[in-house]
Amino acid sequence: MPTTDATTAAATAATAVRTGRLEAPGATLHYEVRGRGPLLVMMPGGSADAGIYDTLAAGLADRWTVVAFDPRGYSRSTLHGPAGEQLPGTHSEDVARLIELLSPDGAPAAVFGSSSSAIVALDLLSRRPGLVGRVVAHEPPLVELLPDPAAGRAVFAAVRESFLRDGVEAAMATMAAGLAPEGGAGGGRHEVATGADEESRAATGPVEDGGATAPPEESGGASEAEAEGENGAGAGAEVDAVAEAEAATVRRMMANLPVFLEHVLCSFSGHAPDLDALRAAAPKLVVGVGRDSRALLPAVAAERLAQRVGSATAEFPGGHVGLTEDPVAFGARLREVLLG
């Protein structure tokens with residue numbers, strides 16, 4: 001029977017991060033790997049990068065080889081030339097290359113995407129179904145599937161124009177106004193719950209909710225303080241390291257916002273998925289919706305997608321950015337869906 005120290009060492013090894021670089025046409029991709037077992041690719045949405053999945057990936061690394069990455073043009077995944085309009089097909093080919101590189105014995109991978117990256121996951125499934133065994137697409141904001149697609153396209157076009165004219169803050173205000181309840185872009189109550197919201201709320205979520213608190217206060221009793229000794233200091237240092245990692249993720253995500261608003265938002269949300277191909281691959285697809293966001297634009301589009309292609313749906317904790325609102329509960333539900 002393994003000792004406590006051996007068990008702890010094994011758990012630490014399972015969640016240790018191994019990083020790599022992958023050359024792709026037009027970009028060099030940064031990726032991070034944890035754990036052992038079948039491959040699970042976690043695709044960040046909005047302007048997020050691999051760091052958004054730190055908690056989720058660590059929690060799933062006991063069962064899967066979990067890969068997260070920075071999408072091309074974001075954070076540590078550098079473009080080989082100027083940024084241009086990004087297309088879901090280009091990004092799905094990047095994911096295909098990661099799967100071909102990292103999947104043990106070439107076995108099909110599980111793929112999770114949320115918000116804009118769920119659109120990439122759907123494109124991967126439609127183009128390269130043999131590479132994947134299960135795809136979980138959480139609230140892809142596909143405006144072409146809304147009751148009024150033109151209204152959805154107009155909202156996101158206005159956000160992009162506002163960014164180009166007046167900057168990030170103005171673009172976010174335009175997003176909030178365009179998706180307010182009276183906007184009606186998706187045929188129901190809509191809030192700022194698209195890729196841009198994935199960035200703005202998810203960027204702050206890990207810092208506020210991820211355990212980046214101050215170290216425990218020192219005890220007034222000298223004997224108790226001595227008993228804690230180095231353990232207390234170690235715990236404090238660990239908390240500080242987590243807080244700094246989360247802060248670094250937020251800074252990178254904020255720096256990615258201009259690329260997202262100018263080159264990703266409209267082309268991804270306006271993508272027309274191959275419904276025939278998705279219908280053929282429907283047994284592999286689970287469309288996720290947030291418990292608290294069923295009336296919002298991305299969830300409306302997601303449920304209409306599931307109806308059109310005949311796929312399963314699964315409810316997840318929280319709303320559109322549930323993965324940052326409560327990553328532990330979200331990860332537990334994702335585990336159930338992946339193993340279901």
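This is a predicted model, so every value here is computed, not measured.
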Task: Evaluation steps, side chain to side chain donor-acceptor pair (under 3.5 Å), between S92 and D123 - done: CA-CA 6 Å; S92 71; D123 189 78; 2.6 Å; yes
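- Ionic pairing of D148 and R153 is not present here: no N-O contact between side-chain nitrogen and carboxylate oxygen is shorter than 4.0 angstrom.
- No more than 12 heavy atoms of other residues, nucleotides or ligands sit less than 6.0 Å from atom CZ of R308.
- Aromatic ring centroids of Y74 and H30 lie 6.0 Å or more apart.
- A donor-acceptor contact shorter than 3.5 Å links the side chain of S47 to the backbone of M253.
- A salt bridge does not link E315 with R333: every distance from a Lys NZ or Arg NE/NH1/NH2 to an Asp or Glu carboxylate oxygen is 4.0 Å or more.
- For the atom pair H320 NE2 and L297 CG, the distance stands at 9.0 Å (nearest 0.5 Å).
- Of all heavy-atom pairs between P273 and L278, the closest is CB-CD1, 3.9 Å.
- When all heavy atoms are compared, the tightest approach of P71 to S77 is O-CB, 3.4 Å.
- In this structure, E85 places its CD atom where more than 12 heavy-atom neighbours from other residues, nucleotides or ligands lie under 6.0 Å away.
- At a threshold of 4.5 Å between side-chain heavy atoms, the hydrophobic network of Ile, Leu, Val, Met, Phe, Trp and Tyr places V289 and V321 in two separate groups.
- When every heavy atom of A301 is checked against every heavy atom of L142, the shortest pair comes out as CB-O, 3.5 Å.
- The two residues F69 and P44 make their nearest non-hydrogen contact at O-CG, 3.1 Å.
- Aromatic ring orientation, H138 versus F112: tilted (interplanar angle from 30° to 60°).
- Under the 3.5 Å distance criterion, with hydrogens and angles disregarded, a donor-acceptor pair is assigned to the side chains of D49 and S75.
- Taking hydrophobic clusters as Ile, Leu, Val, Met, Phe, Trp and Tyr residues chained together by side-chain heavy-atom distances below 4.5 Å, V328 does not share a cluster with F330.
- Separating the CG atom in L261 from the CZ atom in R160 is a distance of 10.0 Å, to the nearest 0.5 Å.
- Side-chain atoms of R76 never come within 3.5 Å of backbone atoms of Y31 as a donor-acceptor pair (strictly under, hydrogens ignored).
- Residues L87 and F156 do not share a hydrophobic cluster, defined by chaining ILVMFWY side chains whose heavy atoms lie under 4.5 Å apart.
- S269 places a side-chain N or O within donor-acceptor distance of the main-chain N or O of L265, the cut-off being under 3.5 Å.
- Between V286 and T313, the closest heavy-atom pair is CG1-C, 4.2 Å.
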- [ ] Would you please test V41 and L102 for side-chain contact (heavy atoms from CB on, under 4.5 Å) and show each step?
- [x] CA-CA 10 Å; V41 181; L102 298 171; over 6 Å; no
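- Expressed to the nearest 0.5 Å, how far CD of E23 lies from CG of L101 amounts to 11.5 Å.
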Task: Candidate pair R335 and D62, rule salt bridge (charged side-chain N to carboxylate O under 4.0 Å, His left out), full reasoning - done: CA-CA 11 Å; R335 180 186 293 268; D62 66 321; 2.8 Å; yes
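- Here CG of L305 is found 11.5 Å from CG of L146. Values are rounded to the nearest 0.5 Å.
- A salt bridge is absent between R304 and E144: the closest approach of a Lys/Arg side-chain nitrogen to an acidic carboxylate oxygen does not fall below 4.0 angstrom.
- Connection of L60 to F316 is established within a shared hydrophobic cluster, with ILVMFWY side chains joined at heavy-atom distances below 4.5 Å, either directly or through further cluster members.
- Among L40, V17, T65, V67, the one residue that satisfies the side-chain contact (heavy atoms from CB on, under 4.5 Å) test with R34 is V17.
- Side-chain N/O atoms of Q86 and S267 include no donor and acceptor closer than 3.5 Å.
- Residues F260 and L79 do not share a hydrophobic cluster, clusters being chains of Ile/Leu/Val/Met/Phe/Trp/Tyr side chains in contact below 4.5 Å.
- R127 has no carboxylate O lying under 4.0 Å from a charged side-chain N of E93, or vice versa, which leaves the two without a salt bridge.
- Atom CG of L131 is separated from atom CG of L125 by 10.5 Å, given to the nearest 0.5 angstrom.
- Between R294 and E139 there is no salt bridge, since none of the side-chain N atoms of the basic residue sits less than 4.0 Å from a carboxylate O of the acidic one.
- Looking only at atom types and distance, the side chain of D274 has no donor-acceptor partner in the side chain of S126 under 3.5 Å away.
- Between M172 and L257, the closest side-chain pair of non-hydrogen atoms falls below 4.5 Å.
- Between atom CD of residue E100 and atom CZ of residue R97 there is a gap of 8.0 Å, rounded to the nearest 0.5 Å.
- Looking only at distances, no side-chain donor or acceptor of R128 sits under 3.5 Å from a matching main-chain atom of V95.
- The side-chain heavy atoms of R72 and D94, taken from C-beta on, include a pair separated by under 4.5 Å.
- Taking the side chain as every heavy atom from C-beta outward, L124 and V135 never approach each other to under 4.5 Å.
- A distance-only check finds no donor-acceptor pair linking the side chain of S311 to the backbone of A282 [under 3.5 Å].
- At distances below 3.5 Å, at least one donor-acceptor pair connects side-chain atoms of T174 with backbone N or O atoms of A170.
- Nearest heavy atoms, L56 versus P327: CD2-O, 3.3 Å.
- There is no side-chain donor-acceptor pair under 3.5 Å between E32 and T19.
- With hydrogens and angles disregarded, a donor-acceptor distance shorter than 3.5 Å links the side chain of Y53 to the backbone of M43.
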